[in-house]
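Whatever order the structure lists them in is the order used to number ligands and atoms, beginning at 1. None of the values given here were measured: they were computed from a predicted structure.
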Amino acid sequence: MAEAISFLEPRADVLARRSAIVADLADLLAPECLIHEQRELVPFETDAFVSYRRLPLAVALPRSTAEVAAVMKYCHRYGIPVVPRGAGTSLSGGAIPQEDAVVLGLSKMNRILDIDYANRTATVQAGVTNLHVSESVSADGFFYAPDPSSQLACTIGGNIGMNSGGAHCLKYGVTTNNLLGVKLVLTDGTVIDLGGKALDAPGYDLLGLVCGSEGQLGIVTEATVRLIAKPEGARPVLFGFDSSEEAGACVADVIAAGIVPVAIEFMDKPAIEICEAFAKAGYPLDVEALLIVEVEGSEAEMDDMLASIVAIARAHRVKTVRECQSATEAALIWKGRKSAFGATGRIADYICMDGTVPLSQLSYVLKKTSEIVDGYGLRVANVFHAGDGNMHPLILFNANDPEDAAKAEAAGNDILRLCVDAGGCLTGEHGVGIEKRDLMRHQYADVDLAQMMSVRAAFDPGWILNPSKVFPLEGRNAA
Ligand SMILES: Cc1cc2nc3c(=O)[nH]c(=O)nc-3n(C[C@H](O)[C@H](O)[C@H](O)COP(=O)(O)OP(=O)(O)OC[C@H]3O[C@@H](n4cnc5c(N)ncnc54)[C@H](O)[C@@H]3O)c2cc1C
């Protein structure tokens, strides 16, 4: 296990009261809603950032907002750290507990509460999975736009925590652009409602603040999200290139021309081979880089947009242009892309980075990324949301070799610094978590971080909510 990232020292007073805390929580929750036996805590010791793990003190699985509020009120009273958790698919260690923390899991709050087609909204409990929202309205011709590749498992609460995105967010925006309201339990157990079905509530945009706050400002128990009518038609098209740089430059030129397809996804050769071996999606294997470009609308609209994109691709010496011929083929193309991380896990351990760069820097950053990873003697596969400039280099390594693991982390940090230096940022959609906590100093000046921490402390003066995430441990203005 890698140990480069340190954890907060657990609070001795909290650890000493473990049995009393469990007994008190047992008064607030039904027996099936509280986990405290060591072997049953194991599934909660990490998330998808698997190199790091800690057993939590206990896991609370409340069934209602009132139960969440009761747990928060209790933990606030005794200064017990609380780590909110959805499905635990965070790739940045956002849901990894600390030894003195109560993990507050939302998995039992998994009901769709209201579908309102007149206002095109759905109100759901925080533990509902992302895909379930779209599935619930699909037969009526609607969908929920943000589509993380983990959408089968990840929850709406976790999506709000990380302000998650996905392949189809180029046109429709990420979680924050599709979120209309939340019910939020504050650190002392007070319940507040932010936003609602109507647009643009007056006053400060606290809803915008909560989205992406990584479980540090409160616990989301319910969310109202935007539903979108399905387009008349949608068509993914494959564009193969002889170099990653040409593919990157093509993406930049498409966006610069003011063309906004629904999705532009990028795969380099290693990623194409890995995904094709898994999904048999029909990706061309004789190219160095592949773009999956999806257009939508009427047949005429799609033809029109595609003609402009093909013209730009030809200027970048595109080698293959393949339009998808059937719904089955389209599904396979997306299956290949969306299983990229899982398919990579079949051949090697990997860490997935998540930097964002201005599109004009895409080709340069791709080239430098290869050089960085080569320099550490490792391999990289790139598969990412190119239209948003949101890069996901997957650095392949051997987790059983501590030296290899350390090299992978170092390469990842170098790549994220490169993204910042190229005018981008440390995270596009996976959040800061514990993974990028210390790199926040590379992105922000101390004065910027201090201002953010003041906002955080206004919601949670005792810093009990997910305390070891987002901000460097040293220099925090924690109480
Ligand atoms: C294979 C794979 C593919 C992925 N693909 C994508 C992708 O395409 N796009 C993308 O954006 N991400 C992706 N991710 C990352 C991850 O799925 C997202 O970050 C997701 O939103 C996490 O949801 P979760 O329910 O698992 O939350 P968790 O991992 O449990 O928690 C995430 C964060 O949110 C906080 N949190 C959770 N629930 C609540 C709540 N109710 N109230 C307040 N805070 C809360 C947690 O404390 C934590 O900080 C992928 C992950 C995997 C493993």
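- Of the options His392, Met162, Gln151, the smallest heavy-atom separation from atom 32 (C) of ligand 1 is shown by Met162.
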Check against side chain to side chain donor-acceptor pair (under 3.5 Å), Asp147 and Asn130 = CA-CA 7 Å; Asp147 61 339; Asn130 172 293; over 6 Å; no

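- Between Asn466 and ligand 1, at least one N/O pair is under 3.5 Å apart.
- Closest protein heavy atom to atom 42 (N) of ligand 1: Val220 N, 2.9 Å.
- Considering backbone and side-chain N/O atoms, Asp47 never comes within less than 3.5 Å of an N/O atom of ligand 1.
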ask   = What do the steps show when you test Ser244 against Lys269 for side chain to side chain donor-acceptor pair (under 3.5 Å), and what is the final call?
value = CA-CA 9 Å; Ser244 289; Lys269 195 170 185 69; over 6 Å; no

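- Ligand 1 does not have Val83 within reach: every non-hydrogen atom of the residue lies 4.0 Å or more from it.
- In terms of protein heavy-atom proximity, atom 24 (P) of ligand 1 is nearest to Ala87 N, 3.5 Å.
- Using the six-membered ring where Trp is involved, His385 and His392 have ring planes that are perpendicular, over 60° apart on the 30 and 60° scheme.
- Here the protein heavy atom with the shortest distance to atom 3 (C) of ligand 1 is Phe341 CD2, 3.4 Å.
- Using a 30° and 60° split on the angle between ring planes, Tyr78 and Tyr74 fall in the tilted class, from 30° to 60°.
- For atom 9 (N) of ligand 1, the nearest non-hydrogen atom from the set Cys169, Ser213, Gly165 comes from Gly165.
- Of all the listed residues (Gly86, Gly105, Gly94), Gly94 holds the heavy atom that lies closest to atom 49 (O) of ligand 1.
- A salt bridge is defined here as a Lys NZ or Arg NE, NH1 or NH2 lying under 4.0 Å from an Asp or Glu carboxylate O, and Lys197 with Asp114 meets this definition.
- Between Asp47 and Arg85 there is no salt bridge, since no side-chain N of the basic residue sits under 4.0 Å from a carboxylate O of the acidic one.
- The existence of a salt bridge linking Arg337 and Glu265 is confirmed by a sub-4.0 Å separation between a basic side-chain nitrogen and an acidic carboxylate oxygen.
- At the shortest separation from atom 28 (P) of ligand 1 among protein heavy atoms lies Gly88 N, 3.6 Å.
- Remark: among candidates Gly212, Cys154, Ser149, the nearest residue to atom 6 (C) of ligand 1 is Ser149, based on non-hydrogen atoms.
- Ring pair Trp334/His168 is tilted by interplanar angle, where 30° to 60° counts as tilted.
- Looking only at heavy atoms of the protein, atom 15 (C) of ligand 1 is closest to Thr89 O, 3.6 Å.
- Of all the listed residues (Gly218, Gly161, Gly93, Ser150), Ser150 holds the heavy atom that lies closest to atom 14 (N) of ligand 1.
- For ligand 1, the polar-atom distance check against Asp147 finds no nitrogen or oxygen pair separated by under 3.5 Å.
- Among all non-hydrogen protein atoms, the one lying nearest atom 12 (N) of ligand 1 is His430 CD2, 3.4 Å.
- Between Glu296 and Lys171, at least one side-chain N (NZ, or NE/NH1/NH2) sits under 4.0 Å from a carboxylate O, which counts as a salt bridge.
- Remark: minimum distance from atom 25 (O) of ligand 1 to any protein heavy atom is reached at Thr155 OG1, 2.7 Å.
- When only interatomic distances are considered, the shortest N/O to N/O separation between Gly342 and ligand 1 does not fall below 3.5 Å.
- The single protein non-hydrogen atom nearest to atom 21 (O) of ligand 1 is Ser164 OG, 2.7 Å, given as residue, atom name and distance.
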